Colleague: 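Would you mind keeping the following structure in view while I ask a few things?
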Protein chains: 2
Amino acid sequence: MAVSQAEQFCNEKGLRYTEPRAAVLSVIQKSKKPIGAYDVLAQLGDRLDNPKPPTIYRAIEFWMGHGFVHKIESLNAFVACEAGHAHKGSQFIVCDGCGAVEEIHLCHLPEALDKKITESQFDMTRWSAEIHGLCVKCS
Amino acid sequence: MAVSQAEQFCNEKGLRYTEPRAAVLSVIQKSKKPIGAYDVLAQLGDRLDNPKPPTIYRAIEFWMGHGFVHKIESLNAFVACEAGHAHKGSQFIVCDGCGAVEEIHLCHLPEALDKKITESQFDMTRWSAEIHGLCVKCS
DNA sequence: TTTGTAATGTTATAATATAACAATTCTACT
DNA sequence: AGTAGAATTGTTATATTATAACATTACAAA
């Protein structure tokens, strides 16, 4: 099997691509919708031996820190991001009907918000936008 | 004491301005920072008789539905909003140092996001943006 | 003044997340 | 190879956030 982008990323950065990390990322990547931490846990049974919440949360934190996973705060759920280079921002369109999520990849904070940040000399570390409603299929 | 904006809003709309609702809103309004539901609960002791979580969550839901309270998802905490007319969106700048929060009142979804919504014919009900970092005092 | 609806009270529990410390594994260095 | 130090994981327990379910009360309109 080919080396995944995430594994390669770890190799290059001198980070450890461990079994819990690999397994957790894999479950999130395979999920077609945002997945909760305890659902990740439930799906790890095959691959890890009786995993516990901290195992999942640590791996999630690790991947979030490197931009491979985002949290959708309004759902308490996680999604994989193809981009392994962490943007400061994440943006999602969430259908409250079918649960489908689309990630938007904006490279910059929108003008109106950026203006505020600059004005107040705020040192931004991260930002997120979450848009809820119904997708065209559900409405 | 003068009739509050929220009470007036309820009178005009034929909504009940009940004691739990009034008390919960008051606590959130008086808080200078986002306040968690259980902290609201703790501060209600004087005014309500042994309140329980559902009491708080119901009142919060009520006020959120009418735009008097917003939830900051990334903090699991709530803030009061002066505007009693619900915009679809809320935007916050959150200092991770001192916990201060500034609400930004954008009337419209930023262009780049709006474009996506329109393209995909998404029926938006609400949106939020949350910006984290350090305010000028904390950095 | 009844009658239906909305709101609240109450009990219990679900769902999400982290603290604390022990055990293990990996890496770098000798 | 052997070992010290650091990072990671294992494990137990518990904290935090939120809601389900049903009983009771208060209100508004006929």
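Predicted, not measured: the structure shown is a model, and the values here were computed from it. Here is how names work: the chains are called A, B, and so on, in the same order as the sequence lines, proteins then strands, and each is numbered from 1. We use all heavy atoms of the structure for the numbers below, so side chains are in, but hydrogens, waters and symmetry mates are not.
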Colleague: Please identify each residue that fulfils salt bridge (Lys or Arg N to Asp or Glu O under 4.0 Å) with B:Glu12, with sequence neighbours left out.
Modeller: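 With neighbours one apart ignored, the set is empty.
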Colleague: Can a donor-acceptor pair be found, under 3.5 Å and without considering hydrogens, that links the side chain of B:Lys88 to the backbone of B:Met124?
Modeller: yes
Colleague: Rounded to whole angstroms, how far apart are NZ on B:Lys52 and P on C:dT10?
Modeller: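 It is 5 Å, rounded to the nearest whole Å.
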Colleague: Hey, could you give me the CG/CD1 distance between A:Leu113 and B:Ile104, rounded to the nearest 0.5 Å?
Modeller: 5.0 Å
Colleague: Please state how far atom CD in B:Glu61 lies from atom C1' in C:dA7, giving the value in whole angstrom units.
Modeller: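 Whole-Å distance recorded here is 12 Å.
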Colleague: Report yes or no: does B:Glu130 contribute a side-chain atom to a donor-acceptor pair with the main-chain N or O of B:Ile72 at less than 3.5 Å?
Modeller: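 Side chain of B:Glu130 to backbone of B:Ile72, a donor-acceptor pair under 3.5 Å: no, none is there.
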Colleague: For atom CD of A:Glu19, is the number of surrounding heavy atoms from other residues, nucleotides or ligands below 6.0 Å larger than 12?
Modeller: yes
Colleague: In whole Å, I'd like the distance from the CD1 atom of A:Ile60 to the C1' atom of C:dT18.
Modeller: 13 Å
Colleague: In whole Å, what is the span from the CD1 atom of A:Ile72 to the P atom of C:dT16?
Modeller: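 Taking atom P of C:dT16 as the reference, CD1 of A:Ile72 is at 14 Å.
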Colleague: Protein within reach of the bases, or only the backbone? For nucleotides 18-30 of chain D, mark each nucleotide 5' to 3' as B, S or -, using heavy atoms under 4.0 Å.
Modeller: BBBB-----S---
Colleague: In whole angstrom, what separates A:Tyr17's OH from C:dC26's C1'?
Modeller: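 One finds 18 Å between C1' of C:dC26 and OH of A:Tyr17, rounded.
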Colleague: What does the inter-axis angle of the helix from C:dT1-D:dA30 to C:dT30-D:dA1 come out as, five pairs per end, nearest 10 degrees?
Modeller: 30°
Colleague: Would you indicate, yes or no, if D:dT8 has its OP1 or OP2 atom less than 4.0 angstrom from a side-chain nitrogen or oxygen of A:Thr18?
Modeller: no
Colleague: What is the separation between atom CG on B:Asp39 and atom P on D:dT16, rounded to the nearest whole Å?
Modeller: 9 Å
Colleague: Could you tell me the separation between the CG atom of A:Leu15 and the P atom of C:dT27, rounded to a whole number of Å?
Modeller: 11 Å
Colleague: Nearest whole angstrom, please: distance from the P of D:dA7 to the CZ of A:Arg21.
Modeller: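 Going from A:Arg21 (CZ) to D:dA7 (P), I get 11 Å.
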Colleague: Find the distance between CZ (A:Phe62) and SG (A:Cys10) and round it off to the nearest 0.5 Å.
Modeller: 4.0 Å
Colleague: Look at atom NE2 of B:His105 and say whether more than 12 heavy atoms of other residues, nucleotides or ligands are closer to it than 6.0 Å.
Modeller: yes
Colleague: For A:Cys81, is there any backbone N or O sitting under 3.5 Å from a side-chain donor or acceptor partner on A:Glu103?
Modeller: no
Colleague: Any salt bridge linking B:Glu119 with B:Lys115? Criterion: basic side-chain nitrogen under 4.0 Å from a carboxylate oxygen.
Modeller: yes
